[in-house]
Amino acid sequence: MSKCFNTTGLCYPEEHYMVNIDKRLQEIERLIDGGKYFTINKARQYGKTTTINLLEQRLSERYCIFSISFEGMEEEIYMTAASFCQRMYRLLKDAMDYAIRYFGGNI
């Protein structure tokens with residue numbers, strides 16, 4: 001199968017033409033290994049989801065990774081630390097429950 005351009009979601013290096021982001025992934029990996037915080041923010045179609053997916057693949061052997069989303073959260077969640085922590089707890093619990101159910105706890 002020949003490669004093609006993908007403009008509608010996650011890119012896979014073996015299937016799609018894409019910029020080599022190995023150096024970027026190495027930089028992010030160093031930040032994570034150093035316990036540093038970072039953000040990934042760009043406009044649409046800049047590879048944020050692809051970067052996160054490839055990063056997850058690289059780090060999954062050494063780290064327990066939880067894929068969660070803040071999309072669609074109501075503003076009230078951010079009003080107090082307690083409401084935010086409660087929502088975060090539920091998101092992490094749901095991610096763990098999902099992993100246990102579908103992957104036998106191999107998260």
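Heavy atoms only: backbone and side chains are in, while hydrogens, waters and symmetry mates are out. Here, residue 1 is the first one in the sequence, and each next residue gets the next number.
Under the 4.5 Å side-chain heavy-atom criterion for grouping Ile, Leu, Val, Met, Phe, Trp and Tyr, Ile40 is connected to Ile21 within one hydrophobic cluster. In the hydrophobic clustering of this structure, Leu25 groups with Phe38; members are Ile, Leu, Val, Met, Phe, Trp, Tyr whose side-chain heavy atoms approach within less than 4.5 Å, directly or through other members. A continuous path of hydrophobic side-chain contacts links Ile52 to Tyr63 [ILVMFWY only; heavy atoms under 4.5 Å]. Hydrophobic clustering, with ILVMFWY side chains joined whenever heavy atoms are under 4.5 angstrom apart, keeps Leu10 apart from Met18. Connection of Leu55 to Ile65 is established within a shared hydrophobic cluster, with ILVMFWY side chains joined at heavy-atom distances below 4.5 Å, either directly or through further cluster members.
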Open item on the list: Phe66 vs Glu56, test: side chain to side chain contact (heavy atoms under 4.5 Å, CB included). Steps then yes/no.
Closed with: CA-CA 9 Å; Phe66 297 97; Glu56 183 176 339; over 6 Å; no

Task: Criterion side chain to side chain donor-acceptor pair (under 3.5 Å) on Asn6 and Thr8, from CA distance to verdict - done: CA-CA 6 Å; Asn6 178 19; Thr8 60; 3.2 Å; yes

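Between Asp97 and Lys93, at least one side-chain N (NZ, or NE/NH1/NH2) sits under 4.0 Å from a carboxylate O, which counts as a salt bridge. Salt bridge annotation for Arg87-Glu74: present, with a cationic side-chain nitrogen under 4.0 angstrom from a carboxylate oxygen.
Rounded to the nearest 0.5 Å, atoms CD (Glu29) and CG (Asp22) are 10.5 Å apart. The CZ atom of Arg90 sits 11.5 Å away from atom SG of Cys85, with the distance rounded to the nearest 0.5 Å. Taking CD of Glu27 as the reference point, atom CG of Leu31 lies at 8.0 Å (rounded to 0.5 Å).
Pairing each heavy atom of Ser83 with each of Tyr78, the nearest pair is OG-N, 4.4 Å. Taking both residues in full, the closest heavy atoms of Ile68 and Leu91 are given as CG2-O, 3.9 Å, listed atom of the first, atom of the second, then distance.
Shown here is Tyr46, whose OH atom has no more than 12 heavy atoms of other residues, nucleotides or ligands within 6.0 Å. Applying the 6.0 Å contact sphere to CZ of Arg58 captures more than 12 heavy atoms from other residues, nucleotides or ligands.
A donor-acceptor pair under 3.5 Å links the side-chain atoms of Ser69 to the main chain of Glu71, judged by distance alone. Here the side chain of Lys42 pairs no donor or acceptor atom with the backbone of Gly47 at under 3.5 angstrom. Side-chain atoms of Lys36 do not come within 3.5 Å of backbone N or O of Ile28 as any donor-acceptor pair.
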